[in-house]
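One structure is given below, encoded as structure tokens.
Atom set for the values below is all heavy atoms of this structure, side chains included, hydrogens, waters and symmetry mates excluded. Residue numbers start from 1 in every chain, and the chains themselves are labelled A, B, ... in the order their sequence lines are given, proteins ahead of strands. For clarity, every value in this text was computed on a predicted model and none was experimentally measured.
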Amino acid sequence: MEELLTITFVLQTLRITIPYLLPSLGAVYSEKGGVVNIALEGILLSGAFAAAAGTFYTGNIIVGTACGILAGIIIALIHSIVTITFKANQIVSGIALNILAFGITKFFCKILFGSSSNSERIPGIETLDLPFNPFLLLCVIILGITYFTINKTRFGLRLRAVGENPQAADSLGISVTKVRYLGVLISGALGGLGGAWLALDQHSYTDGMSAGRGYIALAAMIIGKWNPMGAAGACLLFGLAESFTLQFQDSGIPTQFIQMLPYVLTIIVLAGFIGKANPPAADGVPYEKKD
Amino acid sequence: MKYFKYSAGPLISIILSLIIGAIFIILIGQDPAEVYVKMFTDTLGNSYGIGQVLFKATPLILTGLSVAFAFRAGLFNIGAEGQMTVGAFASAWAGFTFTSMPWIVLIPLCIISGFLAGAFWAAIAGYLKARFGSHEVINTIMLNFIAMALVSYLVNNIYLVPATIHTPEISPNAVLLRFDVITGMFKGSPFNLSFVIAAAVCIIIYYVIRKTPFGYRINTLGYNINAAEYAGMNVKRLTVYAMAIAGGLAGLAGLNFVNGYKHYFELGFSENAGYVGIAVALIARNNPFAIIIIAVFFGVLEYGGLTVNTLVPKEIVTILQGIIILLIITITKYFDKKFKLAKA
Amino acid sequence: MTNHLAVEMKGITKTFGDLRANDSVDIKITKGTIHAIIGENGAGKSTLMNILYGMYHPDSGTIYINGNEAVIHSPADAIKLGIGMVHQHFMLVNTLTVLENIILGDEVTGALNTIDKRRSRQKVKQILNNFDINIGLEEITGTLSIGTQQKIEIIKLLYRNAEILILDEPTAVLTPQETDELFKTLKVLKAEGKTILLITHKLNEVLGISEFITVLRNGKVTGNTETKDTDKDQLAGMILGGSFESIKRKQNSPAEEFILEIIGVSVRSDKGLPAVKDLSFEVHRGEIIGIAGVEGNGQHELIEAICGLRDYSGSFILNGKPADKDLPVAHIPANRHKHGIVMEYNLAENVLLGREGEAEFSTGVSIKEKALRAYTERLIKKYDIRPAEADLLIGGLSGGNQQKVVAAREMSKHTDLIVVSHPTRGLDIKAADFVHSVLLEESAKGKGIILVSSDLGELLKLSDRIAVMFNGKINAMLDSATTNEREIGSYMLGLSGSGGDKG
């Protein structure tokens with residue numbers, strides 16, 4: 001019985017961690033390249049909605065997941081066009097996209113499912129039955145690939161360069177625009193995948209189901225100091241904390257205080273109490289050529 | 001001509017977004033002309049509608065002003081949502097705790113409580129920036145969520161009225177009266193005295209920014225923090241003050257709901273006014289008087305959404321808001337370059 | 001004979017708004033030579049070279065590389081044509097290693113687009129050997145000295161097989177000794193057949209190293225000559241366009257009495273490391289004391305401490321009285337745009353900067369706008385600021401006139417002590433001369449002036465004494481009447497003096 005509890009607890013934790021981890025790794029790609037992506041919240045939400053709608057109409061989880069990824073990429077593409085091509089403020093663009101995603105999902109939820117609060121039940125994935133659930137496996141692989149890409153490949157080197165000193169990269173013939181677009185689009189794909197998991201895990205779409213996870217993913221990336229492994233560690237920590245409150249609901253600690261944890265931690269890390277948090281030097285700054 | 005230069009970008013953005021919105025409306029088989037006409041006639045066509053619009057606009061004036069004031073100081077306040085939440089709770093708390101006080105004491109007390117709570121919440125981000133250099137954007141976002149959780153704890157675990165989702169009602173002496181009650185105008189709408197407070201605050205902030213040495217310092221901080229420091233200004237203290245004032249303004253935004261409308265506090269009252277305030281400030285280019293106009297426009301959208309809900313989901317308005325902001329930040333940039341305007 | 005030309009640019013014109021940065025410029029660069037392009041700040045040298053490197057696009061004109069017409073849309077195009085450029089502000093990514101910076105944009109890759117570190121390192125090592133340069137490839141670039149970073153920039157070009165090397169003001173940040181080392185490297189490069197374009201405004205250097213010289217003024221070519229056929233006076237004429245008489249050296253000599261005594265002052269850098277170490281000297285009434293030093297040896301921190309912008313230990317004694325934190329001091333900062341003015345403000349608002357609390361300009365509640373305007377108009381007249389409009393945004397003024405606004409504001413504070421950093425950086429000669437005359441005038445009134453400058457000529461011209469800072473200490477206090485640039489340079493590097501002992 002006790003063992004069962006432990007396995008359940010571990011699976012529960014991983015289940016909760018997945019929708020933090022995927023957008024958090026996405027954030028690493030985007031921000032290493034110098035683009036702050038607050039739109040991840042909206043990406044997650046629209047990913048969840050598109051995945052639910054796709055699965056509902058085709059009955060196929062894989063097609064549904066692809067829809068989720070596509071929705072994430074579309075939002076990320078808008079973010080790229082606005083912030084990289086038109087060099088508008090990245091924070092404002094992110095907030096606008098979150099508002100937009102919030103409206104669009106609700107709008108189409110009413111149209112497609114006739115309800116502003118949730119979709120109909122869809123086929124999904126049973127976490128607790130499957131120790132090797134495909135999403136979990138995918139997460140581990142994506143984490144490995146991200147670490148490798150950022151640190152060992154040509155794209156990773158260029159991504160770090162354009163996030164740190166875009167002018168230097170430009171002077172060496174690297175297209176800052178192209179590299180940044182790629183970083184943001186990858187973050188959209190990963191965010192969309194994370195959203196797809198939310199819907200498939202719950203077997204439905206419910207209104208506003210991203211519930212701030214996009215922001216927590218950003219927080220995890222900051223706590224992880226803009227590194228994929230660090231971000232993954234922070235996501236796991238948040239997953240553990242949340243899983244713990246679900247498991248021990250009568251522990252006397254009000255859930256609201258556990259909910260605050262990621263946010264308080266982020267503030268503490270940003271203040272430099274736990275080592276130094278150095279974002280990429282050009283993070284959040286549009287690259288303006290002088291000409 | 002000067003006004004045209006400054007308003008061309010926002011105007012074109014609004015028109016374009018209505019066109020894009022029309023595509024969504026056509027997509028679901030409705031006639032955009034019918035929807036838009038209804039949206040504007042049902043809001044601005046009668047005194048009840050106007051009252052509703054001004055009621056919706058009131059918190060947006062204050063959150064817009066909050067974001068704008070921080071912008072002036074070079075700070076990006078994304079925390080108006082959280083500041084508004086703690087402020088609203090504080091106003092409600094004062095209202096249902098000091099029930100024996102006369103209105104002449106209690107109403108100022110509610111106003112001051114709201115202001116101070118919001119100011120304190122924002123000052124945390126200001127202090128963290130001044131002391132540790134940590135960026136206010138991330139911190140104010142984090143503080144929004146912390147505020148939500150904290151207030152949720154206070155409401156659900158401490159002050160909850162059983163079988164409801166809200167706090168006790170405030171004393172009748174804490175109520176900001178509806179215009180309906182005072183003048184008989186705007187019959188039936190919740191439009192109330194909070195609007196007067198919001199408008200008065202706009203005038204005060206305008207004066208502070210344009211005419212006082214303190215406002216000059218705030219502007220200098222925003223334009224060139226290094227020059228401000230070299231000129232001997234206490235940049236750290238100014239940062240904390242600027243955030244605190246911005247937070248206080250957002251803290252007042254709760255009055256409209258708590259003291260003017262429902263007379264209690266409940267979660268989810270804000271309807272994203274803190275975030276929409278960013279759009280208001282942006283479109284109004286941080287000008288306090290333009291903020292009133294833009295807030296009213298957003299009020300039209302918000303109440304207009306409700307009036308057309310039978311034709312299209314009211315979220316069409318949320319979609320419009322998102323699109324307007326995206327267009328504003330791209331198009332305005334283009335016009336600023338074209339007309340060689342300085343940063344507002 | 002055209003194939004002897006590495007570069008030919010014909011009729012190049014480039015405008016920025018109303019400014020004609022290049023105006024039908026023609027230039028021919030012979031292969032395997034060192035060709036200097038000289039002119040005042042703002043003459044159009046950097047613009048021309050940025051066009052050659054594809055950073056800017058000319059409005060009109062043609063470029064030929066090795067005799068073939070070339071269209072250079074981007075640095076990538078330039079690199080393909082064998083053109084490389086070391087920019088005035090280095091184009092290095094501080095957080096990357098030296099090796100990563102060198103290979104960036106032209107990486108040696110293996111399977112899956114991974115970076116083949118071993119082969120990259122081999123390739124770079126070979127270049128280092130060929131040109132006898134020694135750098136640790138795994139060091140983090142941002143931690144290295146300016147001189148080393150410049151070497152990395154040059155290696156970057158060689159790694160890309162650049163045949164035509166453009167160096168934009170490479171010596172601006174170097175000491176005379178480091179400059180010698182750089183020039184030695186350039187001669188090695190030339191011997192290997194490379195073509196070098198050297199942008200500078202220092203005539204001595206030009207005459208020492210180049211074979212050909214092109215002079216630009218106001219965006220136009222005013223001279224084209226072989227170095228051996230010209231001299232300093234002729235070049236100066238081409239640069240300035242007609243004769244220009246500079247003002248005299250300092251006339252008044254300092255009084256006995258001290259304005260400022262600095263006693264055992266220590267200051268920390270932004271990183272928390274000791275930047276100024278137990279430093280002491282005095283400034284006399286009517287004295288201009290020059291401070292020389294390689295950037296980063298504590299000058300900046302010392303100035304900020306004196307101006308109350310940075311915490312310090314030790315004491316400042318002003319006019320015989322121990323001063324607490326806020327010394328009354330007029331300050332013309334090194335970086336005008338960053339620290340001295342607010343571009344979004346008009347002239348009057350810039351004059352108000354730092355004085356908004358004074359009773360002259362404030363009622364305590366609101367700003368006295370009329371008084372401010374009248375005051376500004378007086379300063380505009382006195383300092384001949386143009387255009388003479390108090391409500392014009394300061395961004396609309398030339399650099400020289402902006403600096404006049406800063407000087408006017410600071411001098412009108414009527415303090416005994418004046419601190420000035422790099423006051424003529426980026427100014428044309430006439431504006432620089434005006435700033436110099438203002439300083440000499442204030443000195444004659446008996447003010448004490450501390451002048452930090454990297455322009456040793458300026459220090460020698462204006463100062464009574466020159467304090468050379470090295471490693472946070474004063475390595476030498478020299479009498480400017482008897483010293484010279486080479487001697488100052490040797491103290492700056494710690495080759496002479498006691499500062500060499502690493503304290």
Find the distance between OH (B/Y153) and CE (A/M260) and round it off to the nearest 0.5 Å. 9.0 Å
A/V92 vs B/F76, side chain to side chain contact (heavy atoms under 4.5 Å, CB included): CA-CA, chis, key distance, verdict: CA-CA 10 Å; A/V92 182; B/F76 198 167; 3.4 Å; yes
Can you confirm whether A/V36 sits close enough to B/V137 that some side-chain heavy atom of one is under 4.5 Å from a side-chain heavy atom of the other? no
If you measure from CD on A/E41 to CD1 on B/I141, what distance do you get to the nearest 0.5 Å? 10.0 Å
Within this structure, what is the OG1-NZ distance for the pair B/T318 and A/K106, rounded to the nearest 0.5 Å? 7.5 Å
Does any non-hydrogen side-chain atom of A/L270 lie less than 4.5 Å from one of B/H135? no
Within a strict 4.5 Å, meaning less than it, do heavy atoms of the A/I267 and B/I146 side chains meet? yes
Mind checking the CD1-NZ spacing from B/I316 to A/K110? Nearest 0.5 Å is all I need. 11.0 Å
Pair count under 4.5 Å, heavy atoms only, with chain A: among B/I138, B/I323, B/L128, highest is B/I138
With chain A as the partner, which of B/I78, B/T332, B/I331 has the greatest number of non-hydrogen pairs under 4.5 Å? B/I78
So which of A/Y263, A/F257, A/F108 has the largest heavy-atom pair count under 4.5 angstrom toward chain B? A/Y263
Is A/L218 in contact with chain B via its backbone, its side chain, both, or neither, using a 4.5 Å heavy-atom distance? neither
Part of B/I28 within contact of chain A (heavy atom distance under 4.5 Å): side chain
How far apart are the C-alpha atoms of B/I329 and A/F86, what are their side-chain angles, what is the distance that settles it, and do they pass the side chain to side chain contact (heavy atoms under 4.5 Å, CB included) test? CA-CA 9 Å; B/I329 54 178; A/F86 287 97; over 6 Å; no
Under 4.5 Å to a heavy atom of chain B? For A/I111 that would be side chain
Using non-hydrogen atoms only, which part of B/N157 is less than 4.5 Å away from chain A: side chain, backbone, both, or neither? side chain
Where is the tightest heavy-atom contact between B/M142 and A/A219, given as atom of each residue plus distance? CE-CB, 3.9 Å
In sequence, state the C-alpha distance, the side-chain angles, and the governing distance for A/K87 and B/T330, and then conclude on side chain to side chain contact (heavy atoms under 4.5 Å, CB included). CA-CA 8 Å; A/K87 305 175 197 320; B/T330 44; over 6 Å; no
Which atoms of B/I328 are under 4.5 Å from chain A, going by heavy atoms: the side chain, the backbone, both sets, or neither? neither
By a 4.5 Å heavy-atom criterion (distance strictly below it), what part of A/I104 contacts chain B: side chain, backbone, both, or neither? both
Relative to chain A, which segment of B/N272 carries a heavy atom at a distance below 4.5 Å: side chain, backbone, both, or neither? side chain
Can you tell me how far the CD1 atom of B/I325 sits from the CD1 atom of A/I99, to the nearest 0.5 Å? 4.0 Å
Measuring from A/L100:CG to B/E315:CD, what's the distance to the nearest 0.5 Å? 12.5 Å
Atom group of A/I38 that falls short of 4.5 Å from chain B, counting heavy atoms: side chain
Please look at B/K129 and chain A and tell me whether the side chain, the backbone, both or neither of the residue comes under 4.5 angstrom of a heavy atom of that chain. neither
Given that the side chain runs from C-beta out, which part of B/I324 has a heavy atom under 4.5 Å from chain A: side chain, backbone, both or neither? neither
Plane angle bin for B/F24 and A/F107 - parallel if under 30°, tilted between 30 and 60°, otherwise perpendicular: perpendicular
Side chains of B/L326 and A/H79 in contact at under 4.5 Å (non-hydrogen atoms): no
Residues, nucleotides or ligands: over 12 heavy atoms within 6.0 Å of B/F120 CZ: no
So do the side chains of A/N98 and B/Y275 get within less than 4.5 Å of each other, counting heavy atoms only? no
